[in-house]
Amino acid sequence: MNILANLNPAQREAAEAISGPVLILAGPGSGKTRVITHRVAYLIKTCGVSPRSIMAVTFTNKAAREMEERLINLVSGSVQDLTLGTFHAICVRILRTSGTVANIDPQFVIYDREDQISVVKRSIQEADFDPKQYAPGAIIAAISSAKSRMLSPVEFVKTERNYFDEVVSRVYENYQRILEESNALDFDDLLMKTVLLFRDYPDILARYQSRYVHLMVDEFQDTNLVQYELIKQIGGKYRNICVVGDPDQSIYSWRFADVRNILNFEKDYPDVRVVLLEENYRSTKTILETASCIISANQQRKPVNLWTQNDEGTSTVVVETYTEQEEAQFVVSEIERLVEQGEHTLGEYAVMYRTNAQSRVLEEAFVRYGMPYKLVAGTRFYERREVKDIIAYLRLIQNPHDSVSLMRVINVPQRGIGQQTQLKLAAWAKSMGVSQFEALTRMNGESIDNLKSPFNSHISRVLKVFSELMEELISRSKELKLTELFDLVVERSGYKEYILNEVSGDGQERWENILELRSVAQKDYGDLSPQECLAAFLEEVTLVSDVDGLDESFSAVTLITLHQAKGLEFPVVFIAGMEDGLLPHFRTFDDPMQMEEERRLCYVGVTRAKQHVYLVRAFRRSLMGRSQVSEPSRFLNDIPKHLISTGDWKDGSENAVFPSIQTWNKPAATSTPTAVVSEYQAGDHVYHAQFGQGVVVSCHPVKNDAEIVIAFNGAVKKLLLSFANLEKTD
DNA sequence: CGAAAGGCTCTTTTT
DNA sequence: GAGCCTTTCG
């Protein structure tokens, strides 16, 4: 059987070009993923290349997982030895296995954004700057920018151009020192340290170069210079490098991704073979034309010729509502209307938006209607306080030098180790030149250079209890299975008791999040040693991307940011918040380059759709508390009138009177008497028409109604009692 | 030391 | 409208 039989000529050319550098410029919906997977399958099956010799880089872990699944089907065999994952995940593996020579302790932990903020704050203070004067975010961005150019603190100093740079360089110096002392790497370090490792140790690079005969990189338009360099290094021997991208979908320049990588690729590899994928298989002609008109207004771009054999399809629907609440109601009721007409199932709808803040109002509407939805990374699971606390304990066990985690949990639950004590501990450790944890272990024993412990006997005892707790956990971690260790941590730290007795009353919910984290730890990590399991678990929870958690096992409307939507497709797409100030975002108004990126973002959104696109906006919207009036998105002006319909719910005139909510709403909310509330109690079994069987977690009155939280199979939902239409069951 | 209360500033997008 | 920080009091 010919693996490439079902590809069109251009796709086949791209898949067959296995030697030398290849650049695939793939428009949206042109079967890019298909080409990549078939290319790998072709290498393995037809050309007899060992999976071990292939590295394929994807943008998210989800994309990697899907590619693996498809490959298993295509090659009907194991692809275990294939190196497949994100740049970050691949670099972690390289650094853990080969980094020791470059002084990288394989037990390193990875600092995420929140950890970075905490380190930057400390760094600002240590540099004697006013922490209120400099936004940690801005400094992190500057440091990240430096690392994306592979500048160490020392090298960064030489590039200083203004006072802010000077501030940054001094903070950067502290920041990097704290990371080193903590045996921690941030996201940028993972990439940069790998490139430096290869640069400084050619023999190690040579090993990887010989192994990876074939390299492939997806979403190449969103790679940064370090990632480019890494590919150049590893592919240096065989030069069989295939990169796939679309400049029109470059939307991560704020993360220092650089589209110029595509141009440079053609320069660095003059013998490159360029393949254009221009036939779109995803969208209707109308959708494709709408998208083309939006993107064509960009100045900095080469024209491309996208086309499709698909039908004309329906008009692009442009809708204006009065407020963002009505916008949300329109979206939900429109979906309901379409579903009732038999147009697609709920899982085939997506609602996209520019900012995460927009999701809340949308979510509320879905809850009120009792319509199932999935919010991609709503209040991101791994960023929740209780989840991060437990992760911090586990990180501390893996790597006791991790000062951010230490400071996070040393007094959670409260152990009487307050801020003053923590500051003293930090200062004492610094004076001895050891990590804070090491200082703790010296509480009673000998101190270095006669630097005696600064604590009184009471505090000393409290600190000793904590350090003994950690030492016990560390020693048990060497023999216990991951879930056993997890349970031990939660019990012995006192965290379980602490969280369940929270005064705020959401202790139960937080505890359930911890149990959910535990279920991740429960998964099969193969036959790794306890230490390796712990490392694998921590790596997984740090490098997850939000879309990775997108659950496709049940049918519900997807709520997602435009950035997260990249690479996905849905039959029906709503883009909410089509307003100047939101899309394009007002922070981009004074920068033409950024403005072009906003346009690309809009293009990405529209091109996700297969059948129908709705562009929705609200006339009035509250932003940061204030209610503001906004103009329609300037991008709407670029869509020719003949592609648009404004829907029949509005009379079309500029000053239309907006229909009252009731015209699209379900029957008005009949207020539920408070007495009914007590009808439901935690533990009751109930039935819901869409979610099925569930158990009541909590129920409390709000205004004339009640908010009821129910655990359904696999998902916990918060519903408004009057809309939920519950049936009590036994 | 810790809990509670009040005041402050933001909010783009994320591996 | 929320999360973070500071202040205040016990």
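Side chains included, hydrogens not; waters and symmetry mates left out as well; all remaining heavy atoms used. Proteins come first, then strands; the chains are lettered A, B, ... in the order of their sequence lines, and each starts at number 1. Every value quoted in this text rests on a predicted model; they were computed, and no experiment measured them.
Distance from the side chain of Lys121(A) is smallest for dC4(C) among the nucleotides dC4(C), dT15(B), dT11(B). Nearest to the side-chain atoms of Glu364(A) among the listed nucleotides dT14(B), dG1(C), dC5(C) stands dG1(C). For Arg587(A), taking side-chain heavy atoms from C-beta onward, the closest of the listed nucleotides dC5(C), dT11(B), dT14(B) is dT11(B).
One can place CG of Leu582(A) at 10 Å from P of dT13(B), the figure rounded to the nearest angstrom. The nearest whole Å value for the distance from the CD atom in Gln628(A) to the C1' atom in dT11(B) is 13 Å. Atom CG of Asp591(A) is separated from atom P of dT13(B) by 18 Å (rounded to the nearest Å). The separation between Leu543(A) atom CG and dT14(B) atom C1' is 12 Å, rounded to whole Å. Rounding to whole angstrom units, NE2 of residue His563(A) and C1' of dT13(B) are separated by 4 Å. To the nearest angstrom, P of dT15(B) lies 13 Å from CG of Leu191(A). Atom pair Gln358(A):CD and dA2(C):C1' shows a separation of 17 Å (rounding to whole Å applied). Note: CD (Glu383(A)) to P (dT11(B)) measures 15 Å, nearest angstrom.
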Ile262(A) and Phe220(A): CA distance, side-chain angles, deciding distance, side chain to side chain contact (heavy atoms under 4.5 Å, CB included) verdict: CA-CA 7 Å; Ile262(A) 291 185; Phe220(A) 194 63; 3.7 Å; yes
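Lys62(A) has a carboxylate O that lies under 4.0 Å from a charged side-chain N of Glu66(A), or vice versa, which qualifies the two as a salt bridge.
When the side-chain nitrogen and oxygen atoms of Gln564(A) are compared with OP1 and OP2 of dT13(B), none of them lie within a distance under 4.0 Å. Dashed line: the shortest gap from a side-chain N or O of Thr542(A) to OP1 or OP2 of dT15(B) is not under 4.0 Å. Considering only side-chain N and O atoms, Lys566(A) lies nowhere under 4.0 angstrom from the phosphate OP1 or OP2 of dT13(B). For dT13(B), the OP1/OP2 oxygens have a side-chain nitrogen or oxygen of Asn356(A) closer than 4.0 Å. Phosphate proximity of dA3(B) to Gln414(A): present, with a side-chain N or O under 4.0 Å from OP1 or OP2. Of the side-chain N and O atoms in Arg360(A), one or more sit less than 4.0 angstrom from OP1 or OP2 of dG1(C). Contact between the side-chain N/O atoms of Ser622(A) and the OP1/OP2 oxygens of dG1(C) is not found at any separation under 4.0 Å.
Across all strands shown, Asn411(A) has heavy atoms under 4.0 Å from sugar-phosphate atoms exclusively, and none from any base. Among the atoms of the strands shown, none is found under 4.0 Å from any heavy atom of Gln422(A).
Residue Arg395(A) is tested with Asp115(A), Asp112(A), Asp389(A) for a salt bridge (Lys or Arg N to Asp or Glu O under 4.0 Å); the sole match is Asp115(A).
Atom CD of Gln628(A) has more than 12 neighbouring heavy atoms from other residues, nucleotides or ligands inside a 6.0 Å radius.
Side-chain contact of Tyr175(A) with Gln116(A): a donor-acceptor pair under 3.5 Å is present, judged by distance alone.
A donor-acceptor pair under 3.5 Å links the side-chain atoms of Arg608(A) to the main chain of Val604(A), judged by distance alone.
Across dC4(C) and dT13(B), the matching P atoms stand 16 Å from one another, rounded to whole Å. Of the C1' atoms belonging to dT11(B) and dT6(C), the separation is 22 Å, rounded to the nearest Å.
Nucleotides of DNA chain B nearest to Phe87(A) and Thr588(A) differ in position, and the one nearer the 5' end is that of Thr588(A). Comparing Thr421(A) and Thr86(A) by the nucleotide of DNA chain B that holds the closest heavy atom to each, the one mapping nearer the 5' end is Thr421(A).
Pairing for dG2(B) goes to dC9(C), judged as Watson-Crick or G-U wobble with the two contacts each under 3.5 Å. When Watson-Crick and G-U wobble pairs are counted only if both distances are under 3.5 Å, dT13(B) pairs with no nucleotide at all.
Under a cutoff of 6.0 Å and an axis angle of 45°, Arg385(A) and Tyr498(A) do not form a cation-pi pair.
dT13(B) has no stacking from Tyr252(A) on its base ring, since the centres under 5.5 angstrom apart and planes within 30 degrees of parallel are not both found.
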